[in-house]
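Before any comments, here is the structure.
Just so you know, these numbers come straight off a predicted model, no measurement behind them.
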Amino acid sequence: GESVGLHLPTLSVQEGDNSIINCAYSNSASDYFIWYKQESGKGPQFIIDIRSNMDKRQGQRVTVLLNKTVKHLSLQIAATQPGDSAVYFCAELTQGGSEKLVFGKGTKLTVNP
Amino acid sequence: NAGVMQNPRHLVRRRGQEARLRCSPMKGHSHVYWYRQLPEEGLKFMVYLQKENIIDESGMPKERFSAEFPKEGPSILRIQQVVRGDSAAYFCASSPGLAGVEETQYFGPGTRLLVL
């Protein structure tokens with residue numbers, strides 16, 4: 001079965017607010033995680049990644065937090081904008097030779113003006 | 001610097017026909033991955049290829065589906081005798097292929113297959 005899942009299927013925020021999207025994973029051996037953004041009709045777009053030897057990584061307006069103790073990943077988006085409206089997926093890279101990504105179902109973020 | 005390219009973007013087939021989906025990786029990338037996405041769901045891994053080699057096809061259905069990544073030209077995902085359940089978005093991703101390093105996979109725009 002899937003080893004990556006998301007707590008909430010939808011999230012609605014006001015423009016300018018901060019957004020937090022959560023993800024749980026079950027494979028403790030995984031050591032690389034990626035957040036993707038997918039707009040309607042498009043392919044997944046890389047946002048940010050993190051390796052298991054880190055617990056936090058920051059990008060432009062986005063921060064990813066990794067808690068290996070509880071196997072939890074989150075994506076924080078600061079000052080959310082209407083252009084951030086999309087489905088967000090966390091993905092886990094399996095170890096052991098094959099480089100296949102395991103995706104969660106996704107969280108749909110809606111930003112209200 | 002062109003990204004991952006896929007064609008066609010939309011493909012309509014009748015049951016029993018063949019579907020051929022093409023993927024050109026990013027320049028300099030030697031690893032290609034195919035994923036399938038059903039509506040309202042995440043992407044599911046199908047196959048991982050390097051030039052002229054299938055590395056992992058654990059996500060491929062045992063029948064009717066095949067993939068290749070020849071020495072020259074794009075990677076091809078081929079679905080023979082399509083059925084309605086094959087209707088989905090098929091995404092290709094590529095990565096550089098650096099040994100011993102976990103790599104970000106960059107995705108193409110996808111091919112949306114509709115089987116009538």
Side-chain angles (χ1 to χ4, degrees), chain A residues 1-10 21 23-25 27 29-54 57 59 62 64 66 73 86-108, chain B residues 2-7 9-10 21 23-26 29-50 53-60 67 88-112 114:
Chain A
E2 293 293 333
S3 67
V4 179
L6 295 171
H7 294 310
L8 294 173
T10 62
I21 300 171
C23 176
Y25 65 96
N27 188 349
S30 294
D31 65 355
Y32 183 53
F33 304 89
I34 307 173
W35 280 101
Y36 287 95
K37 170 187 179 184
Q38 187 176 28
E39 296 174 278
S40 181
K42 296 184 178 180
Q45 176 189 353
F46 171 85
I47 301 174
I48 193 167
D49 59 359
I50 189 167
R51 300 186 190 278
S52 60
N53 60 351
M54 304 171 70
R57 190 160 188 224
V62 294
V64 55
L66 175 63
L73 196 66
V87 178
Y88 290 81
F89 294 96
C90 65
E92 166 188 16
L93 192 64
T94 60
Q95 287 187 322
S98 178
E99 303 296 311
K100 63 181 180 183
L101 288 170
V102 177
F103 282 80
K105 276 199 167 184
T107 292
K108 184 176 182 179
Chain B
V4 178
M5 298 172 66
Q6 291 187 248
N7 69 83
R9 296 290 307 277
H10 299 273
L21 288 61
C23 169
S24 296
M26 285 179 71
H29 285 193
S30 61
H31 290 193
V32 165
Y33 315 80
W34 286 94
Y35 293 83
R36 176 164 62 178
Q37 185 179 34
L38 296 173
E40 305 294 318
E41 293 193 5
L43 283 73
K44 298 283 199 301
F45 169 80
M46 297 181 74
V47 62
Y48 162 38
L49 309 105
Q50 297 174 17
N53 285 306
I54 296 174
I55 307 303
D56 181 352
E57 55 182 347
S58 58
M60 289 275 274
Y90 291 84
F91 291 97
C92 170
S94 73
S95 66
L98 301 174
V101 178
E102 292 146 332
E103 301 179 319
T104 301
Q105 295 175 22
Y106 295 92
F107 284 83
T111 293
R112 280 144 187 87
L114 175 63

- Query: From B/Tyr48 OH over to A/Leu101 CG, what is the distance, rounded to the nearest 0.5 angstrom?
  - Reply: 11.0 Å
- Message: Quick one, B/Leu43 and A/Tyr36 - any side-chain contact, counting heavy atoms below 4.5 Å?
- Response: no
- Region of B/Gln6 that comes under 4.5 Å of a non-hydrogen atom in chain A: neither
- Closest heavy-atom pair and its distance - B/Ser58, A/Lys100: OG-NZ, 3.3 Å
- Reported CD-to-CZ distance for the pair B/Gln105 and A/Phe46, which is rounded to 0.5 angstrom: 11.5 Å
- Derivation of the ring pair (Phe, Tyr, Trp, His ring centres under 6.0 Å) call for B/Phe45 and A/Phe103: CA-CA 9 Å; B/Phe45 169 80; A/Phe103 282 80; over 10 Å; no
- Item | Validation row: B/Phe91, A/Lys42 side chains within 4.5 angstrom (heavy atoms) | no
- Item | Residue part contacting chain B, namely of A/Gln38, when any heavy atom lies under 4.5 Å | side chain
- Query: Taking atom CE of B/Met60 as the centre, does the number of heavy atoms from other residues, nucleotides or ligands within less than 6.0 Å exceed 12?
  - Reply: yes
- Atom OG1 of B/Thr104 and atom CD1 of A/Ile47: how far apart are they, to the nearest 0.5 Å? 12.0 Å
